[in-house]
Amino acid sequence: MRRHEDTIGGDGAAAPWKEQQLASHRWPEAQEGAPAFPPSTMRRLVYSAANVALVVFIMTVPPMVVLYGARSSSPAVWISSANVGRGSSGDESILLLHRPAAAHDKLLGGLLADGFDEGSCHSKYQSAMYRRNNAGKEPSPHLVSRLRRHEELQRRCGPGTAAYSNAVESLRTGKSGGIVSPPETECRYLVSISYRGLGNRMLAAASAFLYAMLTDRVLLVDPSNEMGELFCEPFPGTTWLLPPAGFPLTNYTSFSIDTAESYGNMLKNKVITTDDAAGDVPTPHQHLPAFAYIHLDHDYTFHDKFFFCDDDQSVLRNVPWLVMRTDSYIVPGLFLVTGFQAELDSLFPETDAVFHHLARYLFHPNNHIWGLVTRYYDAYLATARQRVGVQVRVFGARQESPKVLEQITACTHMENLLPDVTTTGEPTVVAAPATTRRRLKPKAVLVTSLTSWYYEKLKGMYWEHATATGEAVSVHQPSHEEYQRFGSGSHDAKACAEIYLLSLTDALVTSGWSTFGYVAQGLAGLTPRVMYKPANESSAVPDPPCRRDVSMEPCFLTPPYNNCRMKRSAHSGKVVAHVQNCHDVPWGLKLVHRVE
């Protein structure tokens with residue numbers, strides 16, 4: 001289905017122009033029992049000589065501006081529309097004023113496999129029609145090859161196969177990985193437990209997927225975190241969801257820092273040792289367990305952090321089942337593992353685009369959420385000259401902060417993203433001719449926040465005052481949930497849609513420390529302007545109010561500070577040149593552009 005920013009054609013009326021009205025500024029809804037678009041808009045334009053003449057006619061007739069919003073509190077939505085005649089069947093001919101679908105790389109440079117049922121997941125192949133290639137980053141041939149190989153592994157060893165049934169039975173009986181590497185034909189598994197907000201869960205799932213790909217493990221995602229209710233299946237012909245029925249570790253979602261089978265505790269209690277590990281085989285005197293729990297949560301211990309060391313990876317390689325819990329983006333830590341570095345270099349020659357590729361491969365919203373995204377985008381953002389996303393996350397009980405508002409306006413003005421407003425009257429600019437004014441497009445600001453207060457203030461500012469430049473600015477916010485609702489399906493669906501809407505903007509201003517913003521910037525391929533987190537509510541607005549980040553990669557908020565060789569603390573931000581400390585979280589780690 002193609003996106004229709006500007007629609008030429010009517011509803012059967014004889015009038016050459018029609019007006020359309022939107023009754024609300026919130027999520028545009030499809031009519032009950034009706035398709036998302038009228039049937040006539042589904043017709044594709046055949047580029048014949050007659051259609052060329054039609055286009056010439058359209059270009060010579062100035063379009064009319066349609067309606068204002070129905071409510072005075074809702075900003076106007078302007079849509080250019082013209083009735084240019086009918087086909088022989090009586091239906092309207094539709095001209096979509098954007099590149100034809102063939103010009104869009106729906107497979108994202110080979111990142112996605114062809115052959116998915118497009119009807120079951122519209123977003124998988126349609127997202128390329130909405131999102132610009134802001135980063136200009138293409139997946140490496142090696143990454144494309146490894147993705148196809150991993151998809152085959154998921155099909156061969158995933159749920160519903162004999163290999164999976166055998167592996168589950170071995171786990172039930174406690175059969176261990178032994179002391180030698182398993183045969184190449186044996187399947188190994190990584191169960192990913194992610195939790196907290198949607199941003200945390202997406203970052204954790206992407207991290208688990210990369211680790212699974214590096215270690216040739218089947219990725220199975222805990223279904224209790226609602227990933228299956230939000231996203232389409234990423235792997236063709238199989239599922240990435242762990243079937244809860246019959247899984248022997250019935251309490252795996254309750255695993256914590258105190259779990260005896262955690263790798264850190266087994267290492268601490270010398271159930272497992274790495275003293276003689278030389279990279280291939282653990283010490284011949286130890287018997288490895290059937291599974292190990294990998295605790296990489298924010299409270300992980302000194303011993304848990306040795307997960308990011310080569311000797312420890314040599315041991316874990318031979319454990320058939322790993323269960324990993326994290327709420328972070330641990331990928332920068334994987335780049336610290338010497339044994340992974342050569343493969344990571346081949347997979348990601350551009351080290352500042354790792355999450356950009358992983359996220360666009362893994363996360364495709366289901367049809368309901370994709371409908372929220374496309375309806376809102378087409379109604380409020382599609383015709384804008386520039387789209388600026390402002391993601392506001394206030395950590396603390398008080399969500400409405402005048403200082404944060406001041407920080408937003410100071411940042412957007414300093415970075416020339418939004419114009420300043422006049423306080424002494426209307427600007428003394430020469431009015432453009434009427435025909436020119438009709439063609440001027442406003443800047444659109446998309447605000448995402450738990451509260452509507454920032455949206456209302458920004459909207460009021462640009463309505464009540466003229467801009468110093470004379471340009472028009474429209475402000476939009478899809479929802480405001482007031483507080484974060486963990487475990488709420490409708491809340492998560494709106495959060496997912498807003499992350500994707502932010503990723504369709506041309507420039508981003510994000511809040512430091514926010515995983516929500518991290519995911520949006522990675523999907524968008526945009527390096528954001530990051531607003532620093534004030535020390536406390538009484539602190540002054542930071543100076544400068546924001547800063548262009550060093551890359552679009554998310555920050556690993558709780559990285560390890562271990563010297564693997566010496567088994568002692570060390571500064572992990574100085575080990576690899578393209579793994580540096582984050583601007584918004586000074587002790588955090590993030591991937592930056594590799595300098596050869």
Side-chain angles (χ1 to χ4, degrees), residues 111 133-140 142-143 146-147 199-200 202-215 296 305 307-310 313 326-363 503 508 510 512-530 547-562 564 570-596:
L111 203 62
N133 186 6
N134 294 308
K137 311 284 188 181
E138 296 294 333
S140 70
H142 187 61
L143 175 58
R146 282 301 305 269
L147 288 172
N200 297 80
M202 294 176 72
L203 294 175
S207 301
F209 173 61
L210 179 57
Y211 180 69
M213 192 161 59
L214 288 170
T215 56
L296 300 179
K305 295 175 182 179
F307 170 84
F308 297 102
C309 297
D310 285 282
Q313 285 300 321
T326 185
D327 58 354
S328 299
Y329 181 66
I330 68 168
V331 169
L334 298 180
F335 275 76
L336 302 179
V337 181
T338 306
F340 293 156
Q341 287 174 0
E343 179 66 7
L344 287 169
D345 288 347
S346 297
L347 289 171
F348 304 105
E350 296 176 297
T351 49
D352 57 345
V354 176
F355 183 74
H356 180 59
H357 294 316
L358 294 177
R360 292 185 305 147
Y361 174 80
L362 281 178
F363 303 121
S503 79
L508 268 177
T510 62
W513 296 53
S514 174
T515 56
F516 194 99
Y518 292 161
V519 174
Q521 70 196 42
L523 282 168
L526 289 171
T527 301
R529 281 79 170 178
V530 181
R547 183 179 178 184
R548 188 73 176 262
D549 210 341
V550 291
S551 79
M552 60 183 157
E553 278 288 297
C555 181
F556 183 6
L557 299 176
T558 55
Y561 279 84
N562 285 359
C564 294
H571 194 300
S572 53
K574 298 181 179 179
V575 176
V576 179
H578 46 273
V579 178
Q580 297 181 8
N581 291 113
C582 310
H583 279 176
D584 55 331
V585 184
W587 56 85
L589 294 180
K590 76 183 306 173
L591 291 162
V592 300
H593 179 69
R594 185 202 314 271
V595 178
E596 300 294 344

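Met552 and Pro528 make their closest contact through CA-CD, 4.5 Å (heavy atoms, listed as atom of the first residue, atom of the second, distance). In terms of heavy atoms, Val592 sits closest to Val550 at CG1-CG2, 3.6 Å. Annotation for Leu336 and Pro560: closest pair CD1-CG, 4.5 Å, computed over non-hydrogen atoms. Between Ser140 and Ser346, the shortest heavy-atom distance links the atoms OG-O, 3.2 Å. For the pair Gln521 and Leu508, the tightest heavy-atom approach, listed with the atom from each and the gap, is CA-CD1, 3.7 Å. A pairwise comparison of heavy atoms in Leu334 and Ser207 identifies CD1-O, 4.3 Å as the closest pair.
At least one donor-acceptor pair under 3.5 Å links the side chain of Asn581 to the backbone N or O of Gly588. Under a 3.5 Å cut-off, the side chain of Thr510 and the backbone N or O of Tyr518 do not form any donor-acceptor pair. In this structure, the side chain of Ser328 does not engage the main chain of Leu557 through any donor-acceptor pair within 3.5 Å. The backbone N or O of Leu589 lies less than 3.5 Å from no partner atom in the side chain of Gln580, so there is not a single donor-acceptor pair. For Lys590 (side chain) and Glu553 (main-chain N/O), a donor-acceptor pair under 3.5 Å exists by modelled atom type. Panel note: side chain Tyr561, backbone Trp587; a donor-acceptor pair is recorded below 3.5 Å. Asp310 places a side-chain N or O within donor-acceptor distance of the main-chain N or O of Gly339, the cut-off being under 3.5 Å. Looking at Asp584, its side chain does come within 3.5 Å of a backbone N or O of Trp513 through a donor-acceptor pair.
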_Step-by-step side-chain contact (heavy atoms from CB on, under 4.5 Å) determination, His583 to Arg548_ = CA-CA 9 Å; His583 279 176; Arg548 188 73 176 262; over 6 Å; no
*asked:* Test side-chain contact (heavy atoms from CB on, under 4.5 Å) on Leu347 and Leu214; report intermediate values, then the result.
replied: CA-CA 10 Å; Leu347 289 171; Leu214 288 170; 4.1 Å; yes
*asked:* Walk me through whether Phe556 and Phe335 qualify under ring-ring contact (aromatic ring centres under 6.0 Å, His included).
replied: CA-CA 12 Å; Phe556 183 6; Phe335 275 76; over 10 Å; no
*When you look at Arg547 and Val530, which way does the side-chain contact (heavy atoms from CB on, under 4.5 Å) test go after all the steps?*
CA-CA 5 Å; Arg547 183 179 178 184; Val530 181; 5.9 Å; no
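Summarising the geometry, atom CG belonging to Asp345 is positioned 4.0 Å from atom CZ belonging to Arg594; distances are rounded to the nearest 0.5 Å. Summarising the geometry, atom NZ belonging to Lys137 is positioned 9.0 Å from atom NE2 belonging to His356; distances are rounded to the nearest 0.5 Å. Atom CG of Leu358 and atom CG of Leu143 lie 7.5 Å apart (nearest 0.5 Å). One finds the NE2 atom of His357 at 13.0 Å from the CG atom of Leu362 (value rounded to the nearest 0.5 Å). Rounding to the nearest 0.5 Å gives a distance of 7.0 Å between NE2 of His593 and OG1 of Thr351. Atoms CG and CZ, from Leu210 and Phe348 in turn, are 5.0 Å apart once rounded to the nearest 0.5 Å.
Relative ring orientation between Phe363 and Phe355 is described as tilted, the plane-to-plane angle lying within the 30° to 60° band.
Considering only heavy atoms from C-beta on, Cys564 stays 4.5 Å or farther from Phe308 through its side chain. Within the 4.5 Å cutoff, no side-chain heavy atoms of Glu350 are placed close to those of Glu138. Within the 4.5 Å cutoff, the side chain of Val519 has heavy atoms near those of the Met202 side chain.
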